[in-house]
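The next block holds one structure in the form of structure tokens; read it before the comments.
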There are 4 protein chains.
Amino acid sequence: MSADKEAQISNERRDQILQSALRRFAKDGYHATKISDIVAEVGVAQGTFYWYFKSKEAIALEIVKEGREQLLEVIAQGYRRKAGTVQDMVHASEALLDRLFQFAESNRYLMELFFGGGGTIEPIRKAIGETRAAMENAFLQNIRRAIELGMLPATIDAEFRAALIMSLIEGVISRWLFGFALPDSGIASKTAQELAAETARFEFFGLLGV
Amino acid sequence: MSADKEAQISNERRDQILQSALRRFAKDGYHATKISDIVAEVGVAQGTFYWYFKSKEAIALEIVKEGREQLLEVIAQGYRRKAGTVQDMVHASEALLDRLFQFAESNRYLMELFFGGGGTIEPIRKAIGETRAAMENAFLQNIRRAIELGMLPATIDAEFRAALIMSLIEGVISRWLFGFALPDSGIASKTAQELAAETARFEFFGLLGV
Amino acid sequence: MSADKEAQISNERRDQILQSALRRFAKDGYHATKISDIVAEVGVAQGTFYWYFKSKEAIALEIVKEGREQLLEVIAQGYRRKAGTVQDMVHASEALLDRLFQFAESNRYLMELFFGGGGTIEPIRKAIGETRAAMENAFLQNIRRAIELGMLPATIDAEFRAALIMSLIEGVISRWLFGFALPDSGIASKTAQELAAETARFEFFGLLGV
Amino acid sequence: MSADKEAQISNERRDQILQSALRRFAKDGYHATKISDIVAEVGVAQGTFYWYFKSKEAIALEIVKEGREQLLEVIAQGYRRKAGTVQDMVHASEALLDRLFQFAESNRYLMELFFGGGGTIEPIRKAIGETRAAMENAFLQNIRRAIELGMLPATIDAEFRAALIMSLIEGVISRWLFGFALPDSGIASKTAQELAAETARFEFFGLLGV
DNA sequence: AATGAATGAGAGTTCATTCAT
DNA sequence: GATGAATGAACTCTCATTCAT
């Protein structure tokens, strides 16, 4: 009981520091975030930080690592199994995007860290890059599967299309959640579902499609 | 004569410093780039840097400012004036993208600074953000003009579509020029024109179009 | 019973900490030895250390104090009482050195702390210095007694000779037990008795004597 | 001219820092010596230290390195070339010790660093150990040469005798120059020459010799 | 007796910036 | 124009020590 309670408190501390660090890394960037800021926000002493994390770099890596897992889990659910109509495809894609945007909405600092460029040091840049690559790869597998099932023409360059889709997602999330948008664009006030619907439509039909 | 010569030398010096700074800002990020690195690369003394630039922030801002002008000039040439067929539109778009990718290819460090996230300080982030917004706005005007001319349905959300197009461009350039791509994607070996063609096709017809 | 048992356990704990601290002080030096290292080695919590010892300095002082007593006891047994031949003197000296080197062999960490320099803080340096002085003084008394007994010429500088003898001992122990020796010197494989014999011979006859 | 002057000033600064660091390392030990102490003593800013030296460890290593060269130079001059009488040997040895003690007298902080134990970090301990080994090796060569020339019996353990001589030297210097002596020993007031004579006598004739 | 999370003073180091020459 | 030594504020990280439980 008591041990459980303590462990919980302990983890709470750790989580507080983690959350504070995530928010500041996302908003101010890695370098502008000082350990002193983080501990001040949490209300502990400077040394306490180092009880829970080995270094500034280590906490950033931890954040990225945990974030990556969550992110990939969201995407993993969208893997295509059997053939269907174009409508099916668009709906499936829309559903995936919807989940993704919902996750982004409730993890905006994480998203900012991943898609905001962030300005970090090499090891972290690398970890973020790998995560984005893993996401893109998930989309690539989906496209390949769709080609196998005859739902998409075999002539398209699957890798390139995956890159384009990933680009759309990164762009939409950036503009939706963290002020990368044009002044009166109204994107900030859209719902995850609206974004998912419009993005999926563009994904399949381009500018000319309905 | 002599004065001219000197002025020229001076400007050469200034340019060398500017180029070196640009390359390092792009490759290593703003914070990881030390003044001492820049001057060592150029082969001048530390103090010399401050003869040409007020501060580290100032040179970064200068780089962004000059880059913005060049970038907007490239896009400005693509403004749509009169109606045409869908084919015309696709070709016009492809031409614009081709010009843009060509520019990107010969200014990759600048591109990396603009689209790589870079990890900088507020004022520079802001300047970069404004440039990207200006680019996106140029695309927005093009779409609106196309709607006015009846070439695109009036029902589409122009701002959002502009954002998607800008996202495509950012994503393509990032993957093409600075290692953001999947391992075997082959995107790095494409030409500007190939990228322009494929991107324009996706822009108009989406995944399903030819 | 239970109280005794507990007291015993307690003392065992205390001793474990003491031993661990001694070893690390000797091997790594005072500053490089962290309390966290010591407790980790013993397998107790950080706070436990402070139940048994007031501070890091206190435990070091304790170690030095206990070591000094043992060391002086070993030497005290060698005090010269009555006259004899030169042979007697050499044998007596050899016997003393033998005892000393045997003690050193089974207390090498202690020796390292005392003769290895160790790199400590003032109070501990002082305590170690006093111990070495006490040892040297014991040798001095022996020399004086030998002069009184007419076994050594009255013209020699007793203090200086005592210093030289002490130097020999310190040097021999350092090279024998803790790697201060030349690569192939073979000193490490000698026995305490061999060392005692050779050192005593040098002590009395110098380089030229048999 | 001006450049020379500047270079000189520059080297003066460097030397000041070096001297200050040497003195403090010797007196207080490596760990107790703070960069802030050194620069305060020299009267420069904290950052200035790092203009001249890469780190605290680097300056200590530099000190040891420079000291080693000087020390070995002093000893190198004592290499035995041709046979002679025992008197010659004693005189030669005395002359070498005289030079060594004179050097020690005018470089007492350096000596303290080398022979005082000092309490430093591994790399510096290692460098000091190597220097002491090099010294001892020089004495070993001298003894071997003397054996070859028939001046010393071939039966003696040359390595061990070299170790004993080195021990004498270390002990004498320690007691003479930095308070390792007994209270009223009077060693501190001896001259280098007196020490050399007495030490050489002991070295050759032991306690019993004249 | 024992725990281990929390503390905080203080250390070494970095680096943009200045300024006398 | 150019130099480069000098500055010092600011940062990350260490670790002996404390204390509520």
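In the text below, chain A, chain B and the rest are named by the order of the sequence lines, each starting its count at 1. Atoms considered below: every heavy atom in the structure, side chains included; atoms not considered: hydrogens, waters and symmetry mates. Source: prediction; values computed, not measured.
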**Report entry** Atom-to-atom span, CH2 of W51(B) to C1' of dT18(E) - whole angstrom
**Finding:** 14 Å
Query raised in the report: In whole angstrom, what separates N11(B)'s CG from dA2(F)'s P?
Result: 11 Å
Report summary line: Looking only at dT13(E), dT17(F), dG4(F), the nucleotide nearest the Q46(D) side chain is dT13(E)
Requested in this report: Round to the nearest Å and state the distance from I17(D) atom CD1 to dG12(E) atom C1'.
Outcome: 15 Å
Requested in this report: Using both pair distances under 3.5 Å as the test, note the stems of at least 3 consecutive Watson-Crick or G-U pairs that include DNA chain E.
Outcome: E:2-21 with F:2-21
Query raised in the report: When you match G47(D) and A32(C) each to their closest nucleotide on DNA chain F, which lands nearer the 5' end?
Result: G47(D)
Report task. Assess whether side chain to side chain contact (heavy atoms under 4.5 Å, CB included) is satisfied between K27(D) and T33(D), documenting all intermediate values. Result -> CA-CA 9 Å; K27(D) 295 213 304 201; T33(D) 299; over 6 Å; no
Requested in this report: May I ask you to decide if the ring planes of F53(B) and F49(B) are parallel, tilted or perpendicular, using 30° and 60° as cut-offs?
Outcome: tilted
Query raised in the report: Atom CD1 of I38(D) and atom P of dG12(E): how far apart are they, to the nearest Å?
Result: 8 Å
Report summary line: Closest non-hydrogen contact found for L113(C) with I128(C) is O-CD1, 3.4 Å
Query raised in the report: So E112(C) and R108(C), side chain to side chain contact (heavy atoms under 4.5 Å, CB included) or not? Walk me through it.
Result: CA-CA 6 Å; E112(C) 198 156 357; R108(C) 62 173 63 206; 5.8 Å; no
Query raised in the report: How close or far is atom P of dT14(E) from atom OH of Y30(B), stated in whole angstroms?
Result: 19 Å
Report task. Using only side-chain N and O atoms of Y50(B), determine if any of them is under 4.0 Å from OP1 or OP2 of dT17(E). Result -> yes
Report summary line: Assert: residue with more 5' nearest nucleotide on DNA chain E, out of K54(B) and T48(A), is T48(A)
Query raised in the report: Closer to the 5' end of DNA chain F via nearest nucleotide, is it V44(B) or F49(C)?
Result: V44(B)
Requested in this report: Mind calculating the distance between CD1 (I121(D)) and P (dA11(E)) to the nearest angstrom?
Outcome: 16 Å
Requested in this report: Using whole Å, report how far CD of Q16(B) lies from C1' of dA2(F).
Outcome: 14 Å
Report task. Work out which heavy atom in Y30(C) is nearest to a heavy atom in K56(C); give both atom names and the distance. Result -> O-NZ, 3.0 Å
Report task. Give a yes/no answer on whether the side chain of Y52(B) brings an N or O atom under 4.0 Å of OP1 or OP2 in dA2(F). Result -> yes
Report task. Would you mind reading off the distance between K34(D) atom NZ and dT14(F) atom C1', rounded to a whole angstrom? Result -> 15 Å
Query raised in the report: What closest approach, in Å, do V39(B) and A45(B) show between heavy atoms, and which atom pair accounts for it?
Result: CG1-O, 3.7 Å
Query raised in the report: With no hydrogens and no angle check, is any side-chain donor or acceptor of R23(A) less than 3.5 Å from a backbone partner on Y109(A)?
Result: no
Query raised in the report: Does R13(B) place a side-chain N or O at less than 4.0 Å from the phosphate oxygens OP1/OP2 of dA2(F)?
Result: yes
